[in-house]
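Okay, so here's the structure we're looking at.
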There are 2 protein chains.
Amino acid sequence: MAKVSFREQVLQAREDAIVESANRLLAEKGFDVMTVDEVAADVGIAKASLYKHFTSKEELAAAAMIRVLDRALAFIVTLDTTTRASAIEQLKAVARWTMQVQLAGEMPSLPAQNSALRAALVAHKVYLDRLMAVSERLGTWIAEAQRAGQLNPRLPPEVMLYTLFARACDPVLGLLKASGQHSDDEIIETLLSTCFDGLCGPDRRT
Amino acid sequence: MAKVSFREQVLQAREDAIVESANRLLAEKGFDVMTVDEVAADVGIAKASLYKHFTSKEELAAAAMIRVLDRALAFIVTLDTTTRASAIEQLKAVARWTMQVQLAGEMPSLPAQNSALRAALVAHKVYLDRLMAVSERLGTWIAEAQRAGQLNPRLPPEVMLYTLFARACDPVLGLLKASGQHSDDEIIETLLSTCFDGLCGPDRRT
DNA sequence: GTCTATAAGAGGATAGAC
DNA sequence: GTCTATCCTCTTATAGAC
């Protein structure tokens, strides 16, 4: 019994290593350019071994997405239980977190255009489950912030949600990072400002 | 002389057809998923013929980008000469135009992560020339709007510029379109609002 | 410059030994 | 479940006739 459990732990650890490598490579090169060979080489195993864990490249990408969604959910739960900030502050904290993940090269931004990948994801029950879990959490805060007038009440809540997801892999962050003229903190605060206050900024009289 | 000119016109027309097809397919599937075979089939010519016009897939993508940059430049020039609106209104008009192009399925959004493509683009003189031409035009309006307090003076101008380019291929537009719950005009005005006024909206007291 | 045909190679996925 | 070796399809790019 204990022996089996140990063996399972080893397998789980290997699977985690695979997903972590895939996660990083997806963040770096994107789904279409990343190859399964690269992932296997990065982990240090044979490609055939990888295919014993994940039956396809799409399945591997889904696992990476689930991983980051789980991390997001854990962060959200921690926020919810440890802080007593307003809804808008919670949302900004989540946005800040996603940008930090992106700066760390750990945000697997999948191309929205690859239809084969999309088809695999919308049919993936676990992935959809995690995605909805995160969406519901954020949706609660969004509704609360709109009621409080902290978020524009005239915008549909889904626009808020989609925008937050989109900003989690906004290419602007990579461009600013590549320009090398700003610190990570400056980049994050700047993008937080453009996301929540817009290009016009918060100081207005109209 | 006239005969040669006519023949050149025919060649130019064919080249335009190739670039137009590539443009549409790039908007639909993205650079990595689009194949040269598809483009050739869409135009109705053999692949080898296409390679007589464009020496590589990257060159084809660059031509598509140059095409849309030229259209943008033409729109900007028209704006500049026919209207007497404020700088911020001009910038919003350009953003509105890019979203219309995106909704029409004519915005070739190239993946920021494909390094082979990036290398080809940064080495492409004509492409860089057009990109800088558009950037300079927008940069003038950005500086003017910042001086007038219409755009947040505390944000670096490059952030404004990068953000405008990024919103021209923002996946949020595709998500809202796919949800089918909004008209094209609603989508555009909503995204204009989130871009310039942020998720918090323009009505603030702070 | 356009075509048919094909080279050349990358990449996803699998067979079969251990 | 892990390995080596291989299959097979797809894709970029070119050769050579017309």
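Order of the sequence lines sets the chain letters (A, B, ...), proteins ahead of strands, with each chain counted from 1.
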Roughly how many Å is it from [atom1] in [X] to [atom2] in [N], rounded to a whole number?
X     : N      : atom1 : atom2 : result
B/F6  : C/dG1  : CZ    : P     : 14 Å
B/I45 : D/dA13 : CD1   : P     : 15 Å
A/R7  : D/dT2  : CZ    : P     : 11 Å
A/E38 : C/dG11 : CD    : C1'   : 10 Å

**Report entry** Nucleic acid contacts - residues 10-35 of chain A versus DNA chain C, non-hydrogen atoms under 4.0 Å
**Finding:** A/M34, A/T35
Query raised in the report: Can any side-chain N or O of B/S49 pair as donor or acceptor with the backbone N or O of B/I45 at less than 3.5 Å?
Result: no
Modelled atom types, side-chain donor and acceptor of [X] and [Y], under 3.5 Å:
X      : Y      : value
A/T83  : A/E89  : no
B/E59  : B/H53  : no
A/Q113 : B/S109 : yes

Query raised in the report: Taking atom CZ of A/F6 and atom CD of A/Q9, what is their separation to the nearest 0.5 Å?
Result: 7.5 Å
Query raised in the report: About how many Å separate CD1 of B/I66 and CG of B/L131, when rounded to the nearest 0.5 Å?
Result: 10.0 Å
Query raised in the report: Ion pair present between B/K57 and B/D32, side-chain N to carboxylate O less than 4.0 angstrom?
Result: no
Query raised in the report: Counting only side-chain N and O atoms of B/S49, is one of them less than 4.0 Å from OP1 or OP2 of C/dC3?
Result: yes
Report task. Give the B/S/- string for nucleotides 13-18 of chain C, one per nucleotide from 5' to 3', where a protein heavy atom under 4.0 Å of the base yields B, of only the sugar-phosphate yields S, and otherwise -. Result -> BBB---
Requested in this report: Identify the heavy atoms of B/Q102 and B/A168 that sit nearest to each other, and give their distance.
Outcome: OE1-O, 3.1 Å
